[in-house]
Amino acid sequence: MKFTRKVLQLVAAVLLLVSPAQASTEIMWWHAMSGELGKQVEKLAADFNASQSDYRIVPAYKGNYTETVTAAIFAFRSRSQPAIVQVNEIATATMMAARGAIYPVFELMRDQSEAFTPSAYLPAVAGYYADVDGNMLSFPFNASTPILYYNKDMFRSAGLDPDLAPKTWPEVGAAAKRLRAAGMMCGVTTSWPSWINIENFSAFHNLPIATRANGFGGLDAQLIFNNPIVVRHIAQLAEWQTTKIFDYSGRGQAAEPRFQKGECGIFIGSSGTRADIKANSKFEIGYGMMPYYPDVQGAPQNSIIGGATLWVLRDRPPAEYAGVAKFFAYLSRPEVQAAWHQNTGYLPITRAAFDLTRTQGFYDRNPGTSISIEQVTLKEPTDNSKGIRLGSFVLIRDVIEEELEQAFAGKRTAQAAMDNAVERGNRLLRQFERANPDQ
């Protein structure tokens, strides 16, 4: 009898431990990060899950950004959507237009009584995902910005100072010309043609991409980047293209391997690819900020970000939203953000994480890693340099790159190419505006 009583007590204790009342609430997080970045996402979720017992974040890779968003849209229609979905930065206006589907992060954190102070986040990051009143609509996650990389070994061979990164576009041109003369296949190339040569170029020179504060002020914005300074820049690249001082390498990240292989001595690309470049390059790498034209008043201003953010979708159980708020608060911790920044190469989203990384000596041990933060915080963002909030901008970026290719191939003047890009892009903006009349 005594033995039986002990067994029953043990069974009761086990049942209590696994009872529904004690089970953690599962929260689905759909993301677009594969490979090493996917492993870091898994680690973030596992570390949060281990830090408490009430909630369990379940990350799921759904393909690239477009595939992830598309999957979330279809899931929402069948009421099987995740609580959290990762969306790239240029789709912000599109997500905002889906008012009934999104739960703005500032409202979520307020409703769940979680501390959330926009001023704690880097302005150039937070501003991209905030409305005109400064309310953050989504949670900044993986943010990068373009920086300049250069081959120090080739700089030495060309008689250039390997410890001095070119700061201006004229300096880039002069260095690239020397590199070509020294036998390099190309002097300078860039990845993500529109993001770097139109979007970030404009922000860094405090020039508008569009009216209405680059679209932050409303859907009736008009593209106006076909200004003399942008046209001069594209014309200069097209002229350099004829002698490979500049060499167009294609869209996306197509240019990056050319730098890694030693074909091009200067490369302007995402700060988020630093670890990959370092791992795959067999030469000493130098780092610098994006170049600018010194005769443009106000330049350099600050660069803008790329990457993605976390949106919260509506129509999930209330318990899940409490967990999402806890998770975002966890992601904002300085030590968590600092580790994410150091392990991935993405920007820290908070000032505290930046300061912690610096005091830990990470920037001293890893030269070049602080340039991206210094660049996006160079000056207080203006209406021209806080980001872009334009509908259908994924399609507009394709249009811009088609026209850039025409200019670089010598088939169209820089002015005609930019005029065409603006005209075609504005047609897409008007279509988006008509499709969202209540915004």
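Here, residue 1 is the first one in the sequence, and each next residue gets the next number. Only heavy atoms go into these numbers, but all of them, side chains included; no hydrogens, no water, no symmetry mates.
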Could you pull out every donor-acceptor pair under 3.5 Å between side chains of residues 112-129 and any protein atom, sequence neighbours left out?
unit_1, atom_1, unit_2, atom_2, d
Glu114, OE2, Lys326, NZ, 3.0
Tyr121, OH, Ser332, OG, 2.8

Measuring from [X]:[atom1] to [Y]:[atom2], what's the distance to the nearest 0.5 Å?
X	Y	atom1	atom2	result
Leu356	Arg351	CG	CZ	15.5 Å
Leu428	Glu423	CG	CD	11.5 Å
Ser392	Ile90	OG	CD1	10.5 Å
Ile400	Ile396	CD1	CD1	7.0 Å
Ile234	Phe225	CD1	CZ	9.5 Å
Ile209	Arg389	CD1	CZ	14.5 Å

Listed by chain and number, what are the ring-ring contact (aromatic ring centres under 6.0 Å, His included) partners of [X], not counting sequence neighbours?
X	answer
Phe246	Phe408
Tyr292	none
Phe328	Phe139

Margin query: Tell me if the CZ atom of Arg365 is crowded by more than 12 foreign heavy atoms within 6.0 Å.
Written below: yes
Margin query: Using the rule given for ring pair (Phe, Tyr, Trp, His ring centres under 6.0 Å), can you reason through Trp30 versus Tyr61, listing the C-alpha separation, both sets of side-chain angles and the distance that settles it, and then say yes or no?
Written below: CA-CA 6 Å; Trp30 288 7; Tyr61 174 68; over 10 Å; no
Short N-O contact, [X] and [Y], less than 4.0 angstrom:
X	Y	value
Glu107	Arg314	yes
Asp47	Lys43	yes
Arg258	Asp247	yes
Lys152	Asp163	yes
Lys39	Glu42	no

Note to self: Is there a side chain to side chain contact (heavy atoms under 4.5 Å, CB included) between Ile57 and Tyr55? Walk through the geometry before answering.
What the structure shows: CA-CA 7 Å; Ile57 296 292; Tyr55 309 101; 5.9 Å; no
For the residue pair [Y] / [X], report whether a side-chain donor-acceptor contact shorter than 3.5 Å exists.
X	Y	answer
Glu320	Thr25	no
Glu402	Gln406	no
Ser271	Ser144	no
Glu380	Asn302	no
Ser372	Thr145	no
Ser303	Gln375	yes
Asn142	Gln86	yes

Note to self: side-chain hydrogen bond (donor to acceptor under 3.5 Å, both in side chains) for Ser24 and Ser53? Distances and angles first, verdict last.
What the structure shows: CA-CA 6 Å; Ser24 58; Ser53 58; over 6 Å; no
Note to self: Set out, in order, the CA-CA distance, both residues' side-chain angles and the distance that settles side chain to side chain contact (heavy atoms under 4.5 Å, CB included) for Thr309 and Glu89, then state yes or no.
What the structure shows: CA-CA 7 Å; Thr309 184; Glu89 91 287 1; over 6 Å; no
Note to self: My understanding is that only one of Tyr363, Phe354, Tyr346 makes a ring pair (Phe, Tyr, Trp, His ring centres under 6.0 Å) with His341; could you say which?
What the structure shows: Tyr363
Under 4.5 Å between any side-chain heavy atoms of [X] and [Y], yes or no?
X	Y	result
Asn64	Asn88	no
Leu310	Trp29	yes
Pro140	Met136	yes
Val85	Met28	no
Thr344	Leu37	yes
Tyr149	Thr273	yes
Pro348	Ile373	yes
Leu148	Pro166	yes

Notebook entry, point to check: Given Lys62 and Glu67, is the salt bridge (Lys or Arg N to Asp or Glu O under 4.0 Å) satisfied, shown in steps?
Noted result: CA-CA 7 Å; Lys62 291 293 179 177; Glu67 292 165 344; over 6 Å; no
Shortest non-hydrogen separation from [X] to [Y] and the atoms involved:
X	Y	result
Tyr248	Pro193	CE1-CG, 3.6 Å
Ala203	Ser385	O-CB, 3.7 Å
Val399	Gly425	CG1-N, 4.3 Å
Ala417	Ala407	CB-CB, 4.0 Å
Gly288	Ala165	CA-CB, 4.0 Å
Gly307	Tyr65	C-OH, 4.0 Å

Next item on the list: Tell me, please, whether Phe362 has Arg358 positioned over its six-membered ring: NZ or CZ under 6.0 Å from the ring centre and within 45 degrees of its axis?
Entry: no
Margin query: Would Arg77 and Phe74 count as a cation-pi pair here, with the cationic atom under 6.0 angstrom from the ring centre and within 45° of the axis?
Written below: yes
Item checked: Summary of side-chain hydrogen bond (donor to acceptor under 3.5 Å, both in side chains) pairs that have at least one residue in residues 197-207, sequence neighbours excluded -> Thr190-Asn197, Ser194-Glu199, Asn197-His233, Glu199-Arg397, Asn206-Thr382, Asn206-Asn384
Note to self: Between Asp315 and Phe76, is the side chain to side chain contact (heavy atoms under 4.5 Å, CB included) condition met? List the steps.
What the structure shows: CA-CA 9 Å; Asp315 294 338; Phe76 198 91; 3.8 Å; yes
Next item on the list: Applying ring pair (Phe, Tyr, Trp, His ring centres under 6.0 Å), run through Phe283 and Tyr150 and close with a yes or a no.
Entry: CA-CA 10 Å; Phe283 51 82; Tyr150 65 99; over 10 Å; no
Note to self: Suppose we screen for side chain to side chain donor-acceptor pair (under 3.5 Å). Which residues come up paired with Gln222, at least two apart in sequence or across chains?
What the structure shows: none
Next item on the list: Begin from the C-alpha positions of Tyr103 and Tyr321 and carry the test ring pair (Phe, Tyr, Trp, His ring centres under 6.0 Å) through to its verdict.
Entry: CA-CA 10 Å; Tyr103 191 169; Tyr321 292 125; 5.1 Å; yes
Next item on the list: Please work out which of the three classes, parallel, tilted or perpendicular, describes the rings of Trp195 and Trp192, given edges at 30° and 60°.
Entry: perpendicular
